[in-house]
Amino acid sequence: MNPTNKLKIFNDPIYGFITIPNTLIYDLIQHPYFQRLRRISQMGMSYLVYPGAHHTRFHHAIGCMHIMQKAIETLRFKGVSISEDEANGLLIAILLHDIGHGPYSHAMENSIVEDVHHEEISLLFMHHLNTEFEGKLSLAIQIFKGEYPRKFFYQLISSQLDMDRMDYLKRDSFYSGVAEGNINSDRLIQMMNVQDEQLVIEEKGIYSVEKFLVARRLMYWQAYLHKTSVVAEIILTKILKRAKELTEKGILLDCCKPLLYFMHNKVSLGDFNDAVLDTFALLDDVDVMSAIKNWQFNEDYVLSALCKMIINRDLLKIQMSEDKPDKENLNQLKERFLKISPIDAKDIEYFVFKGKLKNQAYNKNSGPISIVKKDKTIEDVVEASDQLHLKALSKPVTKYFICFPKVLIDT
């Protein structure tokens with residue numbers, strides 16, 4: 001293929017036209033591993049609350065690459081030297097940062113694979129692609145792992161104010177319609193600078209940072225931790241756990257081969273060889289939803305009931321509280337449901353359970369957002385801000401919940 005044909009543009013509803021900077025990045029985007037992200041939803045089950053939230057990890061990764069281009073351009077303009085190889089490493093690292101996500105984003109991490117996080121799978125994909133592309137991803141991998149000596153490179157990929165967060169807040173706000181999450185990423189990027197190889201924000205950008213942190217907090221409570229999204233994602237996780245449990249007992253479930261493989265095998269990080277990685281790469285939202293549509297008619301009451309909840313959006317009742325749930329109340333709910341349903345006591349946790357949600361808009365310990373003053377001194381954003389609410393945003397907020405079938409309401 002003529003290399004000039006590879007310099008394509010995407011039309012993005014958030015940023016307008018996005019250009020693919022070079023043929024290597026074009027080839028990475030064209031790779032089946034990356035194309036799979038078109039079939040992985042960015043916000044999991046949130047579309048059950050916000051019908052517009054059907055955008056994908058593909059959208060998000062391309063958007064992250066675009067704003068990384070803007071950040072590199074801005075820093076170079078301010079005299080920060082970034083070589084072509086370094087710029088390419090940054091673009092590839094941010095483009096592939098989410099490539100390891102499984103179906104419905106986080107549901108797989110807690111059910112089918114044994115405590116393997118998507119970042120770890122992303123790294124496995126990157127190593128595999130590096131072999132395929134003859135070592136051209138080596139620098140990107142070094143940056144992604146935080147091993148490159150220039151610290152601000154990693155901060156652009158993963159920090160309290162990275163390209164990932166900037167894109168997902170703006171994008172998720174747009175598609176969900178939760179306007180409170182919208183941020184001014186252009187302004188934030190224009191205010192970026194580097195001092196002593198650390199990423200800093202110029203003092204005049206402090207209000208944009210404050211808006212960013214407030215937007216992040218509101219998006220978490222209104223969208224990512226919305227109680228209906230939370231209960232739907234938990235039900236999805238429990239469906240996959242139940243399916244795995246039944247498969248281990250020798251019950252054959254109707255689903256695609258890659259999903260069946262993860263049902264039959266205990267897969268931890270050490271088990272991810274090339275064959276397992278290729279099998280994982282064949283999994284997407286379509287496979288899981290297709291299985292759920294089939295399983296709603298399964299003879300197993302637990303699996304069937306949970307699947308019907310997702311298909312018909314008739315979910316468990318979730319009650320949120322500032323206080324820890326009362327154990328006695330929870331036990332009563334369990335007893336009442338056991339009396340009216342055909343399930344064994346050992347399976348009650350599928351229907352009646354408790355949990356907690358934690359939200360911290362700003363965590364200084366994960367690397368502070370540094371504000372650089374006119375006299376070149378650096379201060380943490382919480383100290384530099386005249387807004388008291390930023391101190392409040394630094395405190396973790398925990399909310400507790402219980403879930404139970406709606407049939408138990410007022411019975």
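Annotation: His66 is not in aromatic contact with Phe10 [ring centroid separation under 6.0 Å not met]. Ring to ring, His55 and Phe174 are not that close: their centroids are 6.0 angstrom or more apart.
By the neighbour-count criterion of 12 heavy atoms within 6.0 Å, atom NZ of Lys204 is sparsely surrounded, having that number or fewer from other residues, nucleotides or ligands. No more than 12 heavy atoms of other residues, nucleotides or ligands lie within 6.0 Å of NZ in Lys339, so this atom counts as exposed by the packing criterion. Enclosure of atom NZ in Lys354 is not indicated, since only 12 or fewer non-hydrogen atoms of other residues, nucleotides or ligands lie within 6.0 angstrom. The environment of Arg217 atom CZ is sparse: at most 12 non-hydrogen atoms of other residues, nucleotides or ligands sit within 6.0 angstrom. In Lys151, the NZ atom is not crowded: 12 or fewer heavy atoms of neighbouring residues, nucleotides or ligands sit closer than 6.0 Å. Around CD of Glu328, the count of heavy atoms belonging to other residues, nucleotides or ligands within 6.0 Å does not exceed 12.
One distance of note links CD1 of Ile62 with CD1 of Ile20; it measures 6.0 Å at 0.5 Å rounding. For the atom pair Glu202 CD and Ile371 CD1, the distance stands at 10.0 Å (nearest 0.5 Å). A distance of 13.0 Å separates CD in Glu134 from CG in Leu129, rounded to the nearest 0.5 Å. In this structure, CE on Met289 lies 9.5 Å from SG on Cys307, to the nearest 0.5 angstrom. Distance CG/Asp274 to NE2/His127: 12.0 Å, rounded to 0.5 Å.
One N or O on the side chain of Asn22 and one on the backbone of Leu24 form a donor-acceptor pair closer than 3.5 Å. In this structure, Arg336 contributes its side chain and Leu408 its backbone to a donor-acceptor pair below 3.5 Å. Listed for the Asn193 side chain is no donor-acceptor partner under 3.5 Å among the backbone atoms of Val200. Remark: side-chain polar atoms of Lys238 are not paired, donor with acceptor, to backbone N or O of Val302 under 3.5 angstrom.
In this model, a donor atom of one side chain and an acceptor atom of the other lie less than 3.5 Å apart for His60 and Asp164. Between the side chains of Arg187 and Gln190, not a single donor N or O lies within less than 3.5 Å of an accepting N or O. A donor-acceptor pair shorter than 3.5 Å can be found between the side chains of Glu86 and Tyr148. Between the side chains of Glu245 and Tyr350, at least one donor N or O sits under 3.5 Å from an acceptor N or O. No hydrogens or angles considered: a donor-acceptor pair under 3.5 Å links the side chains of Tyr362 and Asp380.
The side-chain hydrogen bond (donor to acceptor under 3.5 Å, both in side chains) check on His226 picks up nothing, with sequence neighbours excluded. The salt bridge (charged side-chain N to carboxylate O under 4.0 Å, His left out) test applied to Lys308 returns no partner, not counting sequence neighbours. The side-chain hydrogen bond (donor to acceptor under 3.5 Å, both in side chains) search around Tyr104 returns none, not counting sequence neighbours. Under the rule for a side-chain hydrogen bond (donor to acceptor under 3.5 Å, both in side chains), Asn184 has no partner lying at least two apart in sequence or in another chain.
A cation-pi geometry, defined here as NZ or CZ lying under 6.0 Å from the six-membered ring centre and within 45° of its normal, does not hold between Lys70 and Tyr15.
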Exercise. Under the side chain to side chain donor-acceptor pair (under 3.5 Å) rule, what do Asp167 and Ser185 come out as? Steps first, then yes or no, please.
Key: CA-CA 8 Å; Asp167 182 81; Ser185 54; over 6 Å; no
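Listed by first and then second residue, the salt bridge (charged side-chain N to carboxylate O under 4.0 Å, His left out) pairs that reach into residues 291-300 are Arg242-Asp300, sequence neighbours excluded.
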Acceptor/donor pairs from residues 255-268 side chains to any protein atom, 3.5 angstrom cut, sequence neighbours excluded:
unit_1	atom_1	unit_2	atom_2	d
Asn265	ND2	Tyr261	O	2.8
Ser268	OG	Asp271	OD2	3.0

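Relative ring orientation between Tyr224 and Tyr168 is described as perpendicular, the plane-to-plane angle rising above 60° on a 0-90° scale split at 30° and 60°.
Leu316 places none of its side-chain heavy atoms less than 4.5 Å from the side chain of Phe404.
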